[in-house]
Asker: 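So that we are looking at the same thing, I have put the structure below in structure tokens.
Throughout, protein chains are lettered first and strands after them, A, B, ... in sequence-line order, and every chain is numbered starting at 1.
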Protein chains: 2
Amino acid sequence: MSPVSHLPARALAPRRHDEILRRLGAQGSVSVAELAGFFEVSRETIRRDLKLLSDQGRLGIVHGGAARFEPSEPAMSLRSQENAGGKAAIGRAAAGLVRDGMVVFLDSGTTTLAIAHAITDLRDLTICTASLKIALHLCHVPGMRVHMLGGEVDPSEEAASGIDTLDAMARFRVDIAFLGGGALSPDGEVTDFTRAGAEQRGRMIGLAGKAYFVLDRSKFGKLTPLRIPNFERAAGVIVDADPEPALVEALSQKGPELIVAA
Amino acid sequence: MSPVSHLPARALAPRRHDEILRRLGAQGSVSVAELAGFFEVSRETIRRDLKLLSDQGRLGIVHGGAARFEPSEPAMSLRSQENAGGKAAIGRAAAGLVRDGMVVFLDSGTTTLAIAHAITDLRDLTICTASLKIALHLCHVPGMRVHMLGGEVDPSEEAASGIDTLDAMARFRVDIAFLGGGALSPDGEVTDFTRAGAEQRGRMIGLAGKAYFVLDRSKFGKLTPLRIPNFERAAGVIVDADPEPALVEALSQKGPELIVAA
DNA sequence: GTTCGCTGCCACATATTGCAACATCAGTGC
DNA sequence: GCACTGATGTTGCAATATGTGGCAGCGAAC
């Protein structure tokens with residue numbers, strides 16, 4: 001029977017959505033049965049709610065309920081192992097572009113961490129980064145000033161991100177920036193996993209005197225969903241192996257110089 | 001009819017995964033039998049969960065259970081410190097003051113790092129810290145949001161400090177703050193080494209609902225040059241041993257409660 | 001009255017789980 | 001080193017919970 005007659009007014013859809021999102025924030029996950037009981041509606045209704053919120057990208061649906069959305073990228077500890085040699089070569093090549101006294105921005109990521117290890121010979125650098133590990137490493141190197149950008153910490157990157165980070169970034173005058181990326185697409189463009197990441201990197205291209213992307217060979221020809229704004233204004237792309245000729249050609253059309261690290 | 005289920009609510013898969021990872025973070029390893037008992041599911045289910053998480057590279061499977069890869073061992077990093085036992089006791093006492101859902105500020109320092117290790121059992125905390133190591137540790141605990149405060153990194157503290165940090169701090173509504181200090185002076189006051197540190201801590205006393213200082217016994221009776229503004233408005237001082245009676249008396253005159261951790 | 005959106009019910013598809021039988025592993029005593 | 005033993009890991013299968021799509025009832029808006 002329909003639960004109309006003497007029951008208190010049934011919760012409106014937006015009210016359910018608010019409550020669902022509130023619970024998600026509080027508990028990390030919600031179950032369909034639990035919510036159906038709470039709102040006194042059928043499971044189908046809850047599922048439709050979840051489907052809707054999922055389409056908006058506000059949560060991820062799992063069997064039996066929903067969970068906070070987390071873009072799944074392999075854990076940091078795993079990625080740092082992959083292609084360590086290539087990353088080190090990129091690190092050395094990148095370090096060669098840096099001069100004493102510069103203000104250097106280092107993005108989060110395992111390749112940029114390799115750069116952090118490669119620039120310890122330089123003097124009087126000001127480092128600007130959102131990566132916890134990079135900050136932790138470089139702050140112990142004499143003659144370096146490290147500025148940590150604040151923000152909400154993304155566990156998969158071990159770095160701050162979000163509005164506060166963008167905000168903090170804008171305060172610096174950066175001589176040279178090294179940026180990571182999710183992939184080097186076949187048409188010669190660097191793309192990213194998340195909207196926020198793409199935005200942050202695109203912003204930095206504009207802020208830095210010179211901006212280089214660093215991508216190891218495992219990122220070649222992959223596809224991730226988001227284009228990086230301003231990409232054509234980057235100074236270069238540093239890689240650790242020759243990409244496909246078509247990719248090289250496409251990249252040279254766009255503008256950024258291709259640097260292959262030995 | 002109300003579509004409420006009368007079945008025993010079974011834990012959602014993501015909830016199990018969160019709990020498993022949380023325990024891994026806290027204890028370093030988990031056993032299949034233990035988890036099966038806790039969730040009231042069969043061992044096979046737990047094994048399937050572990051297999052899944054292992055495929056994602058978030059843990060390693062061993063005979064009888066699972067262990068984590070990264071040796072960010074709480075035990076190791078803390079044991080290497082002086083008076084590790086005392087700090088751990090303070091950590092537990094501090095964790096006892098925190099409730100699920102709170103916004104917690106953790107100052108930099110080894111004693112507050114011990115608190116970070118002790119609060120991994122709690123749920124849905126928002127952590128606000130300037131310490132790189134605290135952020136790095138807690139960002140991997142499921143159900144915690146970590147906000148890193150930006151600023152220039154002080155190598156001796158491995159934490160951000162300075163004007164940007166003060167600025168970022170002021171944006172948060174903090175329920176409970178745990179602050180370090182340079183010394184517990186004989187007249188029952190917490191003092192600090194630097195002007196900036198004293199200022200930052202004094203500011204946080206005003207911002208937080210409750211502010212506790214944490215000081216292990218090695219800080220008793222020492223003298224450092226700077227008084228902490230607002231000290232008398234702090235909620236308490238947590239220590240790991242009974243101080244001199246005179247010091248206890250002086251402290252009780254000022255206001256903050258003295259908590260001696262066992 | 002009609003249309004439209006939301007909801008609940010139903011039948012059927014799919015996913016997850018527990019059980020049971022069997023294979024392996026880590027100790028233990030000899 | 002070897003056999004024994006209890007605990008742990010694996011696999012196939014059946015039971016059950018959950019997901020999906022169609023359809024109809026009910027109000028609200030027009």
Asker: Between atom CZ in A/Arg47 and atom C1' in C/dA15, what is the gap in whole Å?
Answerer: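 Going from A/Arg47 (CZ) to C/dA15 (C1'), I get 12 Å.
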Asker: Whether A/Arg16 contacts C/dT7 is assessed here as follows: a side-chain N or O lying under 4.0 Å from the phosphate OP1 or OP2. Is that the case?
Answerer: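 Yes, within the criterion.
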Asker: Could you tell me the separation between the CG atom of A/Leu50 and the C1' atom of D/dG19, rounded to a whole number of Å?
Answerer: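 These atoms are roughly 12 Å apart.
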Asker: Mapping A/Ile61 and A/Arg48 to their closest nucleotides on DNA chain D, which lands nearer the 5' end?
Answerer: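 The answer here is A/Ile61.
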Asker: Whole angstroms only, please: what is the CG-P distance between B/Leu35 and D/dT8?
Answerer: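 Going from B/Leu35 (CG) to D/dT8 (P), I get 12 Å.
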Asker: Can you check the B/Glu34 CD to D/dA7 C1' distance for me, whole Å?
Answerer: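 Distance, rounded to whole Å: 16 Å.
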Asker: Using atom CD of B/Glu44 as one end and atom P of D/dT8 as the other, report the distance to the nearest whole Å.
Answerer: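 Distance check: B/Glu44 CD to D/dT8 P gives 12 Å.
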Asker: Which class fits the ring pair A/His117 and A/His137: parallel under 30°, tilted 30 to 60°, perpendicular over 60°?
Answerer: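 Aromatic pair A/His117/A/His137 classed tilted.
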Asker: Keeping A/Asp192 on the side-chain end and A/Leu226 on the backbone end, is there a donor-acceptor pair under 3.5 Å?
Answerer: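 The answer is no, because no donor-acceptor pair under 3.5 Å joins these two groups.
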Asker: Between C/dA15, C/dG8, C/dA26, which nucleotide has the shortest distance from any of its atoms to the side chain of B/His63?
Answerer: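 Nucleotide nearest to B/His63's side chain: C/dA26.
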Asker: Could you tell me the separation between the CG atom of A/Asp49 and the C1' atom of C/dC6, rounded to a whole number of Å?
Answerer: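 Answer to the nearest Å: 10 Å.
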Asker: Check whether any side-chain N or O of A/Thr45 sits under 4.0 Å from OP1 or OP2 of C/dG8, and answer yes or no.
Answerer: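 So the side chain of A/Thr45 is within the cut-off, an N or O lying under 4.0 Å from OP1 or OP2 of C/dG8.
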Asker: Before accepting this row, confirm whether a basic side-chain N of the pair A/Asp18/A/Arg22 lies closer than 4.0 Å to the acidic partner's carboxylate O.
Answerer: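 Judged by the 4.0 Å cut-off on N to carboxylate O distance, A/Asp18 and A/Arg22 do not form a salt bridge.
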Asker: Atom NE2 of A/His17 and atom C1' of C/dT7: how far apart are they, to the nearest Å?
Answerer: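 After rounding, the gap between these two atoms is 13 Å.
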Asker: Return the value, rounded to whole Å, for the distance between atom CD1 of A/Ile46 and atom P of D/dT20.
Answerer: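 That distance rounds to 14 Å.
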Asker: May I have the step-by-step check of salt bridge (Lys or Arg N to Asp or Glu O under 4.0 Å) for B/Glu19 and B/Arg123, ending in yes or no?
Answerer: CA-CA 10 Å; B/Glu19 176 68 19; B/Arg123 300 266 172 187; 2.3 Å; yes
